[in-house]
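All values below were derived from every heavy atom in this structure, side-chain atoms included, with hydrogens, water molecules and symmetry-related copies excluded.
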Amino acid sequence: GKKYTLPAWVSGENPYPSSIISHGKLIGLSNSNRTAQRNQPVQEFNHGLVLSREPLRDRDVFTVRIDKKVNSWSGSIEIGVTALDPAGLEFPSSATGLKGGSWIVSGCSVLKDGRSVLEEYGRDLDQLGEGDHVGIQRNGKGELHLWVNGQDCGTAASGLPSRLWAVVDLYGKCTQVTVVSCEPPPEMDGEEDEEVEDEIVSTQLFDVFNNAIVSLYPGSSGGVAGLGVAGGGMTTNDALLFHEKCGTLIKLSNNNKTAERRRPLDEFNNGVVMTNRPLRNNEMFEIHIDKLVDKWSGSIEIGVTTHNPNNLDYPATMTNLRSGTIMMSGCGILTNGKGTRREYCEFSLDELQEGDHIGLMRKVSGALHFYINGIDQGVAANQTPGVVYGVVDLYGMAVKVTIIHNHNHSDRLRRNNAIMRALSPDVGRPRPALSLTPEPDVPERLLFHLNCGQKAAIISDGRTALRPHATDDFNHGVVLSNRPLHSNEVFQVRIDKMVDKWAGSIEIGVTTHNPAYLQLPSTMTNLRSGTWMMTGNGVMHNGTTILDEYGHNLDRLKAGDTVGVVRKEDGSLHFFVNGVPQGPAAWNVPPSVYAVVDLYGQAAQATIMDDMADLPPLPDDSSEGPTAMSPGSPCSVSGATAANDLRFHQLHGTNAVITNGGRTALRQNCRSEFNDAIVISNRCLRDGELFEIVIQKMVDRWSGSIEAGVTAIRPEELEFPNTMTDIDYDTWMLSGTAIMQDGNTMRNNYGCDLDSLTTGSRIGMMRKATGDLHYFINGLDQGVACTGLPPEVYAVIDLYGQCVQVSITSSSGPLDNSLCTSNITEKSFPIHSPVAGVAHHLHSKHGKNVVLLGDGCQALRVDGYAHGIVFSAKELKTNEVFEVKINKVDDRWSGSLHVGLTTLQPPDLPSCPLSGLSPSLTQLRSKVTWVLAGSEVRRNGVLQRQNYGCSLDRLTVGNRVGVKRCSDDTMHILIDGEDMGPAATAVAKNVYAVLDLYGKVTAVSIVSSTLVEDSESVKAPSLSPDSCREGEEDSTPVREVCHLRGSCFEPALVPTVMTFLENHGKNIQLSNQNLTAARVSSYNQGLLVTAQALPPVLSQFQIDRLNSSWTSSLSLGVIGHSPDRLNFPSTACCLKRSVWLLQRDSVFHNSLKICENYGPNLDTCPEGTILGLLVDSSGCLHLFVNGMDQGIAAQDIPSPCYPLIDLYGQCEQVTIVTNHVSVVGGERGDMRCQGDMEKADMVDGIKESVCWTPPPEVNPNKTCEYQALCSRFKELLALPDGYFNEDAKYNLCYCESCHKLRGDEAYYKRGEPPRDYALPFGWCRFALRIKTHCEVSNAFKKWHIAYHGTSVGSLRCILDHNQLLSAESSSIFSLSPVKTEDHGSYGEPEENSAPEREIPRVQLSPTMRYSGLEVFAPKVQFRDPRSLRCHQAQVGFQVCVRPGSYKVGPTSLGISEPLDPRFSNAEIEWITKEKGGTLLYGLLIRVE
């Protein structure tokens, strides 16, 4: 409340010495260096950095005034401090690029050295306007404070150094600032401080107590209300009822506790009711939904208003009120009819069912909270007025509600199950076997299966397989085991007999195919699904080589040698040659695989070795044992170093090649290329760990040789340069004898010369715990090379010049026993990674009762039941799974493991033991934390969701728990590898995984790696036998899915597993338990049907893979007779008996076309599209695309019928969607296309349905040829990229297939007052770069949408000036009439003024059917650079138009026939004459 005053020198007296002196390249200084302006503010948005002349003194607030802003860009002023001396600073393009101790406030975030450390801080700087003051301060405690208009925004960061310079970035909209002061803030009176502090503490304590009360929901009526203080001075204790005065269609009953809308099937509005008195502070106003109807879109809305019902003229819908009203509508918040929060909560009121509860409460602090089935959805609005009435709008589907006075919490929990994810079935769920050997009650011996290759035979009771005529045939000798292998079970065979006639020899591996049903191929590497084979010295997966130079060459083996294979419990696959492990060959191999031996070429006979006692121990079985080098692979990891997981990273320079399981790197084309061959380690080096390589090959063609060093840059963030010494930050390299840091030589004549090394020389690098870097040459320490290295550095090798090939040696790893626990083996910490990777580690900062073992891979709680919090060692990447296995439980305690994500930075915590860390994860509140405890999801202790997934309280030894942050900012929990779905939304980007070894769980070990989970691998999860049993034994429903309204029914997903029939086209290959079908050759012969008849529910199929080499794509439909003995033709078109087929956009019956223009063109469906079939109760066939019903395709479908799919042309693979995959739209309320809008954008009588956009993986933009053609024409226009939105997802194609795939409506409404506009069907929109903050967001809500057709020649001029051209003018609004200027506006001309037709006008229309006419958008001819065909193209713009700035009138073209069914020709042309009345939104292109 204090007035903010400026010092006297602002007017010119005593200029303060802390003016601006150092600045970016576009900055100009004036006013004695107190004013800075960014040059070229419309053309450039960055390079506007300025720093203070002198360091800041403690407590001084360096304050600037925003003088000028422009609207061309997003973003605005950024301010902060830096420890970098401006005198020697090379200025980055923006403040967020400052490193080396810089703290910057950007928007409402605080960044340290470019990385976010605090979200939602203080005022949003992007919202400040001209004249606002913003300042930065370091106080005496070393804390950073932001000041806005004289108000302290609180602590932004702590631990700042003492010598700091102020930083201001004139970024984006901000183009000029002036320094106004640099002095301490005015002192507050101590008494006032104490009073304010007491008030804050009192409020906080009251809110904490109040939240606890609300979350418990005591059964006593009025228990909550009794805490409140009556608002507005009212002390009445009257019961909360509906006011007698209400909407015109409302009927009250039940002593005014129940309200019902009359004629619900004829009317959808005029159903507003209000409470009979104002709400008290902390009083719950809650209603029960009694009745809904399915006729309308939209549903109940609830909120508060300051209007007294006695004096209010009730509107048709409450969101029409433009004052004193806050309403929750859908999942957003509307204030005075305008959207203030689009995604307030995960629940949508439109999705609630009969019996659900909705409540609200105004707290004493003024915060308004909404409750759905008793769950607090958080603060919806702050500073709610003191006197407000509760209001309910019985809109659309909502017909009848009743006020609840007895808040029964258990009833809310039961109701919550109807709209939240159902509890996963886990009763009687078998836990994964943990033993290393088969169970004793399963004594089945491992033998060969009798079904074998055509030229093979099984003898000796199944122990021996042979090719009897080995000298006559070299293949068809495939044999499989008689049962699947157990985890960690070794399958090993001895080669009994060899022949010398052929090339090649024995091959061994595993397959998911059951030998009883497998049509055995001539050689196993021909199988294209579910198969991993070691052949020669390589490894092949589904016929494709995935590892070269792996292990010993099998082609060199002799009679008597042995080969073996094992699938470990972590899903990794290992091979053995003569008992020697060859290292991991593959990861993520599914369980229940059969062993395979291919008696190929020279191999004529083999016998199973089933006496395990005679075999050397597996690497997992012991940490001790002899060092065994793999024959022919001198750099393989030995048994003694099984824990060493150092490899070369899969990312590398252009000319580098990684082989030998990541242990060898070479430079290809070594005689024509000398650089671009940088390789980097797959993980950070640990303290005292040696990374050593041996030079294996050199050439004498070039000068210079290998360079080696370390970098703090993560491989995923490294843009590999030509040579590593080109990197100018966070990199230390040894080149010849020179030590170089960030490309600059620090010292010469280091103890060794890398250019003098030869083949066989070994080079090692080690970062000591002190931060010193040491090099080792042939095992000898060369001394300290440099000091002060950060803790996490990667080893880097540059295969430069003469050096061509290197391999990691077996000496790599820890050299000091104190740094490596010798009794910790890979068995203790199996790497359960989806791909090859490095085991995660836990951070050294943890709860006081925790001890870390195994180099941070295991955590053990040693005392009590709490203080067991542990963190991941590093921030999680997007989609990276952090997973642990429970090793030990103590049943004396209740409670269990807690898991989640946190923005708390463990490195910022004090040293261990952390006695100050919260005793349990649910109490961790210092930073934003999302946690799953039991089956409840909490955010900073506030309950967000109940009954989520499988309760963690039921887990025991052997169960696995994982957490990941997905690309859509959601947190997912995984239990035993199964994704439980989104647990929380809006999760910050820089988060650590956090676990709490709470209650009975006392020990866990990490079973995940640092590589990100492959998103493709989880598109269509396969069903394990366990999950199949769950479906049979437990009837708990899967999570409910959200179906689109407007259909006459809501289809369910398939409750039982469907599979493809074994009888299919000859080019089809089934896998994944017959859930996946792939066409393995040619373009046809890909027919398949399901083994089960089509159930009376939705059956869905996902397109997994497309091949653009072919044309056309899949067809699908139903067949009306049993397909068991069907003779499949080459294509589905040849089927002519009882067949209904959907092909392209047509429907065929018995090969005759019966319908055209049905649904989207199936030939344009991209990968990831989910197609569904349903026959309703009337016998009508429906097609669903991504969960959206396309309507009736055919009638009189017989029962039973069977789904039929033809994998034709481009479509090569499909998968049956099991009940693990939900219909699109179920959880994607955050993704809405341009048809979505606020309730305030709708008028009486019309409320359009919501238009959902498909998720990214089913975006038709990926494969739409029409959009690609339009894009190529756009490229020919040579328009600057800066005018267009960089995010391609905002580019929308409105061709027939794309808009049908999205389910677009033809017309929508926008603006205040709402006005119709048509989607530009047939055109393609390219989104323009537009303003993204408050001014424009309001424009989007308030302005109307229209279109403007123009010529190709005018595009650049329009984009350059950001304004439309009139039809008569070539420049923007070049108004020649002088007399009209005196009016100051475009009002009606006076008597002697120039006639109106002389004023240049811009013609618009709400439909492109008019604006796209050739008179407005002339056609131009162009040649497609790809197809070389000639086309005609037109261009136009989609624009936002300010209401009131245009006139609606008839067409000026004299056209009589109607152009658009929604708009009459008398209102189809809009004329605007106001500069600034339009906002360019998108470029439209149409190609013929």
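The structure places CD1 of Ile287 at 4.5 Å from CD1 of Ile358, a figure rounded to the nearest 0.5 Å. To the nearest 0.5 Å, atom CG of residue Leu1098 and atom CG of residue Leu1174 are 6.0 Å apart. Of the inter-residue distances, the one linking Lys257 atom NZ with Phe242 atom CZ reads 11.0 Å to the nearest 0.5 angstrom. Between atom CE of residue Met361 and atom CE of residue Met284 there is a gap of 4.0 Å, rounded to the nearest 0.5 Å. Atom CG of residue Asp1316 and atom NZ of residue Lys1309 lie 3.5 Å apart, to the nearest 0.5 angstrom. The distance from atom CD1 of Ile250 to atom OG1 of Thr258, rounded to the nearest 0.5 Å, is 11.0 Å.
Contact check for Leu1319 versus Tyr1308: side-chain heavy atoms found under the 4.5 Å cut-off. Contact check for Lys338 versus Glu1312: side-chain heavy atoms found under the 4.5 Å cut-off. In this structure, Ile333 and Phe370 have side chains that are in contact, with non-hydrogen atoms separated by less than 4.5 Å. When side chains are defined from C-beta on, Leu349 does not count as touching Cys331, because their heavy atoms never get closer than 4.5 Å. Residues Leu252 and His243 are not in side-chain contact: their nearest non-hydrogen atoms beyond the backbone lie 4.5 Å or more apart. Between Val392 and Glu301 there is no side-chain heavy-atom pair separated by less than 4.5 Å. Glu283 has its side chain within reach of Leu240: a pair of non-hydrogen atoms, C-beta onward, lies under 4.5 Å apart. Counting heavy atoms from C-beta outward, Cys1440 and His1344 have side chains that stay 4.5 Å or more apart.
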Give the intermediate values and the outcome of side chain to side chain contact (heavy atoms under 4.5 Å, CB included) for residues Ile372 and Cys345. CA-CA 10 Å; Ile372 297 181; Cys345 70; 4.3 Å; yes
Carefully, step by step, assess Asp290 and Thr402 under the rule side-chain hydrogen bond (donor to acceptor under 3.5 Å, both in side chains). CA-CA 7 Å; Asp290 298 330; Thr402 297; 2.5 Å; yes
Evaluate the side chain to side chain contact (heavy atoms under 4.5 Å, CB included) criterion for residues Val379 and Leu368: first the C-alpha distance (whole Å), next the side-chain angles of each, then the deciding distance (0.1 Å), finally the verdict. CA-CA 6 Å; Val379 177; Leu368 180 65; over 6 Å; no
After noting the C-alpha distance and the side-chain angles of Asn282 and Val364, does the key distance pass the side chain to side chain contact (heavy atoms under 4.5 Å, CB included) rule? CA-CA 6 Å; Asn282 303 299; Val364 69; 3.8 Å; yes
Could you check Tyr395 against Phe268 for ring-ring contact (aromatic ring centres under 6.0 Å, His included), going step by step and ending with a plain yes or no? CA-CA 6 Å; Tyr395 184 87; Phe268 59 89; 5.7 Å; yes
Pair Leu394-Lys400, side chain to side chain contact (heavy atoms under 4.5 Å, CB included): steps then yes or no: CA-CA 7 Å; Leu394 294 178; Lys400 184 178 181 182; 5.9 Å; no
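Judged by distance alone, with hydrogens and angles left aside, the side-chain atoms of Asn254 form no donor-acceptor pair with the main-chain N or O of Asn256 at under 3.5 Å. Listed for the Gln353 side chain is a donor-acceptor partner under 3.5 Å among the backbone atoms of Glu351. At least one donor-acceptor pair closer than 3.5 Å links the side chain of Asn1186 to the backbone N or O of Ile1170. With hydrogens and angles disregarded, a donor-acceptor distance shorter than 3.5 Å links the side chain of Trp296 to the backbone of Pro264. When atom types are taken as modelled, the side chain of Tyr1158 and the backbone of Gly1191 share a donor-acceptor pair closer than 3.5 angstrom. With hydrogens and angles disregarded, a donor-acceptor distance shorter than 3.5 Å links the side chain of Asp393 to the backbone of Met318. With Tyr314 contributing its side chain and Lys245 its backbone, the two residues share a donor-acceptor pair below 3.5 Å. Within the 3.5 Å criterion, the main-chain N or O of Glu267 finds a donor-acceptor partner in the side chain of Arg261. Side-chain atoms of His307 come within 3.5 Å of backbone atoms of Ser323 as a donor-acceptor pair (strictly under, hydrogens ignored). At least one donor-acceptor pair closer than 3.5 Å links the side chain of Arg362 to the backbone N or O of Pro385.
Across all non-hydrogen atoms, the minimal contact from Leu292 to Ala398 is CD2-CA, 3.6 Å. The two residues Ala1194 and Ile1197 have their closest heavy-atom pair at CB-CD1, 4.1 Å. Looking at every heavy atom in both residues, Val1185 comes nearest to Pro1160 through CG2-CG, 3.8 Å. For the residue pair Arg263 and Leu249, the shortest heavy atom distance occurs at NH2-CD2, 3.1 Å. Heavy-atom minimum distance, Ser299 versus Met397: CB-CE, 3.7 Å. Of all heavy-atom pairs between Lys1300 and Asn1157, the closest is NZ-O, 3.3 Å.
Atom NZ of Lys291 has 12 or fewer neighbouring heavy atoms from other residues, nucleotides or ligands inside a 6.0 Å radius. Counted within 6.0 Å of NZ on Lys251, heavy atoms from surrounding residues, nucleotides or ligands total 12 or fewer; the atom is thus considered open.
A salt bridge does not link Arg1315 to Glu1467: none of the charged side-chain nitrogens sits closer than 4.0 Å to a carboxylate oxygen. Between Arg1302 and Asp1304 there is a salt bridge, since a side-chain N of the basic residue sits under 4.0 Å from a carboxylate O of the acidic one.
Checked against Tyr389 for a side-chain hydrogen bond (donor to acceptor under 3.5 Å, both in side chains), the options Thr275, Asn308, Thr305 give a single hit: Asn308.
Ring geometry for Tyr1294 versus Phe1321: interplanar angle of 30 to 60°, hence tilted.
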